Amino acid sequence: MLTPAQVLDEYHLEVRCKLLEIAAIFDRYDRAGAAFPDERADDDFRHERVRASLEVLASDKENASRAEKLARIFSGPVD
Amino acid sequence: MYIIQPHYHAIARTAQDYERMAMSGVVAVAEPAFWAGFDRKYPETFLDYFRQISEFEPTRAADYGIRHFSWVAVNPKEAENLTLAREVLSQMAEFFDNPGVLGVGETGLHKSTSNEIAILQEHVDLAMKHGQLVLIHTPHLDDKLKGTLKVLDVLREMDVDRDRIWIDHVEEHTVKAVLDEGYWAGMTIYPLTKMTPERTADILEIYGHERLLVNSSADWGPSDPFTLQACILEYKRRGHSEQECLEVFHNNPARFLGQNPKFDIKPIRFESFDELPAKAAVASST
């Protein structure tokens, strides 16, 4: 297992890249909304999933099992 | 699709790159001088390197039907050694007579030190004195914003032709400043750092394609020449036409690099058969 510093060294650029990509996707959605105001999809259920995921990512609790929580957020209901 | 790869470090890549690029529509590459991964000690090492990229690499590319052009410079990392950099600069102009050398690059900044700034100024002076194009590298990651603004500060104090200067590796936080001051701006697509194909397509949609260049800058590090083709695919997926793709990925490099008459690949325009005169349409179908 890597040390915390090694994890940062190994994955910091990957985190940066993926966060930038997410930010760019949000910007893209906003520009599309401005370009096609009659086709906005602001009540689409997927927005809520993204918002909930961002809250999980921002959590600073240790052992937060963030990946599992996100997988559950993006899963359909279990009967 | 016809593609010009305007920033490509061929000496760090295998012939398989050339083969696959040729198969994907690349008609020309331009190779700036760059850092070898270690600091060179001798001016002669640079001069041999310039010979390699300006004399030997074109023969390797030609085997695959690709035109190869090059640039000469001491890269910003090695510009810290003033004595070495100036010795190389004193002999650099000899390479401007080479039929494939397009100008001075990549010069620029790495940590934006006073030595780097002095050598950047000397490179730009040399290029302007000899009517050469200039390719300017901007720093990576933490140093990007500061270094790009410093490059613009330096150029603002000099007598330069802004149309003939390409400032490379712009990202979301630096592209506007470069375009606003009248320079050409280059976006480099890397697997992790710099731009991605999708974010590059975003910038093309936000700013339009005037004075924007896209490249892969594939070298000896984590990089891939086909990030350029990935961007073309992304741009097409968003509904942009073949002609728009041609404007960005072929015609813009042809326009910028073509300011040096040695780069004789002209912008092209798709023409449909029904636009052709009847005789030409018949001739082209037989």
Side-chain angles (χ1 to χ4, degrees), chain A residues 1-60 64 66-71 73-75, chain B residues 110 138-148 169-176 185 187-209 212 214 216-224 226-228 230-231 233-241 244:
Chain A
M1 180 180 275
L2 301 176
T3 66
Q6 287 171 326
V7 172
L8 269 181
D9 290 346
E10 190 69 25
Y11 299 108
H12 173 70
L13 287 178
E14 194 171 330
V15 168
R16 173 187 177 275
C17 181
K18 289 178 176 173
L19 288 174
L20 273 170
E21 207 64 44
I22 291 169
I25 292 169
F26 288 0
D27 290 344
R28 201 174 302 149
Y29 179 83
D30 289 346
R31 284 199 308 280
F36 303 101
D38 295 339
E39 297 182 41
R40 293 191 69 89
D42 295 345
D43 53 356
D44 190 294
F45 73 99
R46 287 171 290 191
H47 290 299
E48 184 47 42
R49 290 182 168 188
V50 171
R51 271 191 286 272
S53 298
L54 291 174
E55 285 172 18
V56 171
L57 289 184
S59 163
D60 58 0
R66 296 177 188 84
E68 182 186 339
K69 285 177 182 163
L70 260 63
I73 287 169
F74 285 100
S75 294
Chain B
H110 175 56
T138 55
H140 302 279
L141 299 168
D142 288 12
D143 303 306
K144 168 76 66 192
L145 181 59
K146 175 188 167 192
T148 305
H169 317 315
V170 300
E171 296 177 26
E172 287 89 345
H173 54 324
T174 57
V175 61
K176 187 172 186 302
M187 291 183 279
T188 299
I189 309 173
Y190 265 7
L192 268 189
T193 57
K194 299 190 169 75
M195 296 297 288
T196 62
E198 294 81 5
R199 288 166 46 219
T200 303
D202 288 336
I203 286 187
L204 290 168
E205 289 185 332
I206 294 168
Y207 292 94
H209 51 68
L212 276 172
V214 185
S216 296
S217 183
D219 52 41
W220 44 260
S223 56
D224 176 2
F226 288 87
T227 56
L228 185 61
C231 185
L233 179 60
E234 174 68 16
Y235 200 55
K236 281 186 185 173
R237 282 177 61 214
R238 297 188 186 188
H240 296 283
S241 68
E244 286 175 291

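Computed from a prediction, not measured in an experiment: that's the story for all the values here. In the text below, chain A, chain B and the rest are named by the order of the sequence lines, each starting its count at 1.
- Between chain A and the residues Asp202(B), Thr196(B), Ile206(B), the most heavy-atom pairs under 4.5 angstrom are made by Asp202(B).
- To the nearest 0.5 angstrom, Asp27(A) atom CG is 8.0 Å from Glu172(B) atom CD.
- Here CZ of Arg31(A) is found 6.0 Å from CD of Glu205(B). Values are rounded to the nearest 0.5 Å.
- The shortest non-hydrogen separation linking Arg16(A) to Lys194(B) is NH1-N, 4.4 Å.
- The minimum heavy-atom distance linking Pro191(B) with Cys17(A) is given by the pair O-SG, 4.2 Å.
- What you find for Arg199(B) and Arg28(A) is that their closest heavy atoms are N-NH2, 4.3 Å.
- In this structure, Tyr11(A) places its OH atom where only 12 or fewer heavy-atom neighbours from other residues, nucleotides or ligands lie under 6.0 Å away.
- In this structure, the portions of Leu20(A) lying under 4.5 Å from any heavy atom of chain B include both its backbone and its side chain.
- Between Leu141(B) and Leu13(A), the shortest heavy-atom distance links the atoms CD1-CD2, 3.6 Å.
- Across all non-hydrogen atoms, the minimal contact from Leu192(B) to Glu14(A) is CD2-CA, 3.8 Å.
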